[in-house]
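What you see is a predicted model, and the numbers here were worked out from it, not measured in a lab. Only this structure's heavy atoms are used, side chains among them; waters, hydrogens and symmetry mates stay out.
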Amino acid sequence: MFMKFLIIRFSSIGDIVLTTPVFRCLKKQVPGAEIHFVTKQSFKIVTATNPYIDKFFYFDNDLDLLIDELKQENYDYIIDLHKNFRSIKIRQALKKKTYAVNKLSVQKFILTRLKINIMPGVHITQRSLNTLRRFGVKNDGLGLDYFIPEGDCIKTEDLPTSHLSGFIAIVIGANHFTKKLPVYKLKELCSLLDYPVILLGGKEEVSAGEEIAAADPVKIYNACGKFNLNESADIVRRSHVVISHDTGLQYIACAFKKPVVAVWGSTSPELDVEPYYGEIFLKKFSEPPYKNIYLKLWCQPCSKYGTKKCPLGHFNCMNKMPVKEIAESAMSHLKRW
């Protein structure tokens, strides 16, 4: 039976990647499902080539225009994976049966403000999939998806010859200051890695990347600001190990089944957002293909998303980060894989 679904998730890169099993499982398990997706125009690149999505709509500051376009589609169901003011306004305008993700806002508030952990231990990806239970959709255990169009694959000459036989990718960027290791910590980390390194980040990280790479220009290649998201994702795909802050490329690395060393500052895996691979892949190994590195300070996590500065001023979660442990974890993954 034909059913038309509208799925809403406006942002961000990592959050959208974490929802990708929803598209795949719905499309493959519900015969006749037509899937439309709404996201921000600025995040078009994240899902533009996803084969499980039939039609895209993009929000670009005019919500009323977007709603008018969506009204023409006559959806059967809305799957709200964002659950914010904009998505609720769309739901109210379209007046269709809706299933919305449980954001656990109260539990996250209690954890970040009162430091009491009553989180259920259910990953955000599984909670997103739970919105489809009404349709008999189950988690297929295949993990996350990320699709790179052929035109965005990097060329051999885009990378230094010294890195063509293998490298560790270090994602030095993040949307918020308190999710990022300071430059002096990143320089120390690179010095401890006995392996070629490629630094990944946006234009905002160019100068930081240059400072880090200057310590050893042969071993460390600064790719920050040189590639678009898909090209950076392709570098992740070619890497042997990925060290990453809590940011989108961490989850893209999981989609490519890369071993990940996840570095946590103001956020925490206790928010049920740790690296996600899917049960089928995890069952192949006696040890997880990822390692969460964080200090478990009394003040951590202090935020769901990260902040512009440490609320207490000391920034101990990153200033006291044991970079030796990060390096040892990365090298251990390298030997195992």
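Between Glu73 and Lys55 a salt bridge is recorded (basic side-chain N to carboxylate O distance below 4.0 Å). Look at Lys324 and Glu188 and you find no salt bridge, because none of the NZ, NE, NH1 or NH2 atoms lies under 4.0 Å from a carboxylate O. Salt bridge Asp80/Arg91: present, at least one basic N to carboxylate O contact under 4.0 Å. Look at Asp60 and Lys40 and you find no salt bridge, because none of the NZ, NE, NH1 or NH2 atoms lies under 4.0 Å from a carboxylate O. The pair Lys296-Glu270 does not meet the salt-bridge criterion, since no charged nitrogen lies less than 4.0 angstrom from a carboxylate oxygen. Taking a cutoff of 4.0 Å between a charged side-chain nitrogen and a carboxylate oxygen, Lys4 and Asp76 do not qualify as a salt bridge. Using a 4.0 Å cut-off between a side-chain N of Lys or Arg and a carboxylate O of Asp or Glu, Lys27 and Asp54 qualify as a salt bridge. Between Asp234 and Arg237 there is a salt bridge, since a side-chain N of the basic residue sits under 4.0 Å from a carboxylate O of the acidic one.
The closest side-chain heavy-atom distance from Val46 to Ser12 is not below 4.5 Å. Between Ile293 and Met321 there is a side-chain heavy-atom pair separated by less than 4.5 Å. No side-chain heavy atom of Leu66 sits under 4.5 Å from any side-chain heavy atom of Arg86. Residues His82 and Asp15 fail the side-chain proximity criterion, which asks for heavy atoms closer than 4.5 Å. The closest side-chain heavy-atom distance from Thr39 to Ile16 is below 4.5 Å. Taking the side chain as every heavy atom from C-beta outward, Ile79 and Ile8 never approach each other to under 4.5 Å. In this structure, the side chains of Leu129 and Cys25 come closer than 4.5 Å at one or more pairs of heavy atoms. Two residues are said to be in side-chain contact when any heavy atoms from C-beta on lie closer than 4.5 Å; Val183 and Lys187 meet this criterion.
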Can you list the steps and then say if Tyr58 with Phe43 is a ring-ring contact (aromatic ring centres under 6.0 Å, His included)?
CA-CA 9 Å; Tyr58 298 106; Phe43 295 109; over 10 Å; no

Verdict with reasoning, Ile124 to Val101, per side chain to side chain contact (heavy atoms under 4.5 Å, CB included)
CA-CA 9 Å; Ile124 179 58; Val101 67; 4.2 Å; yes

When you look at His36 and Tyr75, which way does the ring-ring contact (aromatic ring centres under 6.0 Å, His included) test go after all the steps?
CA-CA 9 Å; His36 293 193; Tyr75 295 105; 5.2 Å; yes

Test side-chain hydrogen bond (donor to acceptor under 3.5 Å, both in side chains) applied to Tyr294 and Gln300, step by step
CA-CA 9 Å; Tyr294 65 116; Gln300 191 180 18; over 6 Å; no

His240/Tyr195 under side-chain hydrogen bond (donor to acceptor under 3.5 Å, both in side chains): CA gap, chis, key distance, verdict:
CA-CA 10 Å; His240 288 175; Tyr195 209 67; 2.9 Å; yes

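With rounding to the nearest 0.5 angstrom, the CG atom of Asp152 is 8.5 Å from the OG1 atom of Thr49. Interatomic distance, Leu186 CG to Met318 CE, rounded to the nearest 0.5 Å: 8.5 Å. For the atom pair CZ (Arg127) and CG (Leu18), the distance works out to 10.5 Å, reported to the nearest 0.5 Å. The line from CG of Leu282 to CD of Glu287 is 12.5 Å long, rounded to the nearest 0.5 Å. The line from CD of Gln250 to OH of Tyr290 is 10.5 Å long, rounded to the nearest 0.5 Å. The CZ atom of Phe227 sits 4.5 Å away from atom CD1 of Ile235, with the distance rounded to the nearest 0.5 Å.
A donor-acceptor contact shorter than 3.5 Å links the side chain of Lys226 to the backbone of Asn222. Checked by atom type and distance alone, the side chain of Lys179 pairs as donor or acceptor with a backbone atom of Asp246 at under 3.5 Å. Listed for the Lys185 side chain is a donor-acceptor partner under 3.5 Å among the backbone atoms of Asn319. Between the side chain of Lys219 and the backbone N or O of Leu193 there is at least one donor-acceptor pair closer than 3.5 Å. With Asp158 contributing its side chain and Lys155 its backbone, the two residues share a donor-acceptor pair below 3.5 Å. Between the side chain of Lys308 and the backbone N or O of Thr178, no donor-acceptor pair lies under 3.5 Å. Distance alone, capped at 3.5 Å, places no donor-acceptor pair between the Gln92 side chain and the Lys89 backbone. A donor-acceptor pair is defined here as one N or O able to donate and one able to accept, closer than 3.5 Å; such a pair exists between the side chain of Thr307 and the backbone of Lys309. Side chain of Tyr251 to backbone of Val273: a donor-acceptor contact under 3.5 angstrom is found. Without hydrogens or angle criteria, Arg133 side chain to Asn130 main chain gives a donor-acceptor distance under 3.5 Å.
Cation-pi geometry between Lys257 and Phe281 is satisfied (NZ or CZ under 6.0 Å from the ring centre, within 45° of the ring normal). With a 6.0 Å cutoff to the six-membered ring centre and a 45° limit on the axis angle, Lys97 does not count as a cation-pi contact of Tyr77.
For the pairing with Tyr146, the side-chain hydrogen bond (donor to acceptor under 3.5 Å, both in side chains) check across Asn50, Asn230, Thr47, Thr20 returns one residue only, Asn230. Between Cys190 and the options Ile172, Ile168, Ile212, a side-chain contact (heavy atoms from CB on, under 4.5 Å) holds for only Ile212.
Considering all non-hydrogen atoms of both residues, Ala93 and Lys71 come closest at O-CE, 3.8 Å. The nearest pair of heavy atoms linking Pro275 to Cys254 is CB-SG, 3.6 Å. Closest non-hydrogen pair, His314 versus Cys299, comes out as CE1-SG, 4.0 Å. Across every non-hydrogen atom of Ala253 and Val242, the tightest pair is CB-CG2, 3.9 Å. When all heavy atoms of His245 and Ala174 are compared, the closest pair comes out as CB-CB, 4.4 Å. In plain terms, the two heavy atoms of Thr267 and Gly306 that are nearest each other are CG2-N, 3.8 Å.
Two rings, from Phe37 and Phe23, have their centers less than 6.0 Å apart. Separation of the Phe167 and Tyr221 ring centroids does not fall under the 6.0 Å cut-off. Aromatic rings from Phe5 and Phe135 are positioned such that their centres are separated by under 6.0 Å.
Residue Asp62 places its CG atom among more than 12 non-hydrogen atoms of other residues, nucleotides or ligands, all under 6.0 Å distant. Enclosure of atom CZ in Phe85 is not indicated, since only 12 or fewer non-hydrogen atoms of other residues, nucleotides or ligands lie within 6.0 angstrom.
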Atom pairs and distances, side-chain donor-acceptor, residues 107-114, under 3.5 Å, sequence neighbours left out:
{"unit_1": "Lys108", "atom_1": "NZ", "unit_2": "Lys103", "atom_2": "O", "d": "3.3"}
{"unit_1": "Thr112", "atom_1": "OG1", "unit_2": "Lys108", "atom_2": "O", "d": "2.8"}
{"unit_1": "Thr112", "atom_1": "OG1", "unit_2": "Phe109", "atom_2": "O", "d": "3.4"}

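Connection of Leu200 to Val197 is not established within any shared hydrophobic cluster, with ILVMFWY side chains joined at heavy-atom distances below 4.5 Å, either directly or through further cluster members. Under the 4.5 Å side-chain heavy-atom criterion for Ile, Leu, Val, Met, Phe, Trp and Tyr, Leu295 and Trp264 are members of distinct hydrophobic clusters. Connection of Leu181 to Val206 is not established within any shared hydrophobic cluster, with ILVMFWY side chains joined at heavy-atom distances below 4.5 Å, either directly or through further cluster members.
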